[in-house]
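Note sheet for the following structure.
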Amino acid sequence: MNVHLTFDIEVWCNGWDDLDGRFPASFERYCYGSSQHGRYALPKTLEIMNRHGITGVFFVEPLFSARFGPQYLDTITKLIADAGQDIQLHLHPEWTDELPSPPIADATRKRQHLTFYTQDEQAALIGLGRRLLEASTGRPVTAFRAGSFAANRDTYAALRRQGILVDSSLNAMADFTGGSIDALQAPGEQRTIDGVTVYPITVFRDGFGRARPAQVGASSIDELTQAMLAARAAGCRHFVIVSHNFEMLKPGGSDPDWIVVRRFERLCAYLGQHRDLFQVGPLPLPQQVRPVSPIAQRVTVSPWSTAVRHVEQLRRRLG
């Protein structure tokens, strides 16, 4: 089974007021995450992955650089590229009305999700993001993830217009499709929408029967490993895990969240030690995809693995 360890890489200023004043500290936190313990944002993420020989997919949000300058985006992409990791396009269109040169005609109001834009507007914003990222990396963009997983039918038409034929935006736990796409399919099952090959975020059933996304900051290591084994046993071809550049940091600061740090370390170690079971790497291009049959079996994990997560969450709140 193919495992895709994916990351949404973005910079936020904790609000839209005084962006220029807030940006330097925000960039330092989201890019480096420096504290007395080290740099636990991108540098530590890349260090852990490289130590275990893991290649992931880093979906990098570039629109912020149209406001603050390409050198900041270059800093991010160089860190990732120098570590030998795959870089693809992430897009948070709520930056649109903050840019000095409006990329679309209606850029005077804040619209958070890509699904709030017309197909033409989506195509224009995706095209701008692609150009910014390609100028920074010197490599073509081949895959996309919408900010907040907010994609609809128009998104796939817009991606095709921009020549991007691989996507990982769909998440059954954050469905913004508005009914424009039929029911999200079983975990690990890629699909084709309007000519774009789509790899949804994997969703499993936790030990209490509740649906849960395969996210590093939101699942125990036992839940993740059990879900991967269950997906493989069910015949899944692809298992998509999501994380962010800030997930190993405590909320609101740059101190490490040691529970998530240990969880991520153990996840990478597990994947590195089980290469006979899991092939970890980038999202395959359309010509590399084989047809799949629907997966009827649910991917479930034990009550114990979920109880561990609840204990960890309590420790994080108290600590």
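- Within a 6.0 Å sphere centred on CZ of R266, heavy atoms belonging to other residues, nucleotides or ligands number 12 at most.
- Checked against the 6.0 Å centroid threshold, F58 and H244 do not count as a close aromatic pair.
- In this view, A218 and R212, Q215 satisfy the side-chain contact (heavy atoms from CB on, under 4.5 Å) rule, not counting sequence neighbours.
- Annotation: side-chain hydrogen bond (donor to acceptor under 3.5 Å, both in side chains) contacts of T77 (sequence neighbours excluded): S136.
- Side-chain contact check for S169 and R145: no donor-acceptor pair (N or O, by modelled atom type) lies under 3.5 Å.
- For V308, the side-chain contact (heavy atoms from CB on, under 4.5 Å) partners at least two apart in sequence or on another chain are S220, D222, W304, E312.
- By the 4.0 Å N-to-carboxylate-O rule, D167 lies too far from R191 to be salt-bridged with it.
- Aromatic ring orientation, H37 versus W258: perpendicular (interplanar angle above 60°, classes split at 30° and 60°).
- The aromatic rings of W95 and W16 stand perpendicular to each other, their planes meeting at an angle above 60°, with 30° marking the opposite boundary.
- Salt bridge annotation for K78-D74: absent, with no cationic side-chain nitrogen under 4.0 angstrom from a carboxylate oxygen.
- Y32 carries R39 over the face of its six-membered ring, with the cationic atom under 6.0 Å from the centre and within 45° of the normal.
- Two rings, from F68 and F27, have their centers 6.0 Å or more apart.
- Taking the six-membered ring where the residue is Trp, H90 and H92 present perpendicular rings, their angle passing 60° and hence far from 30°.
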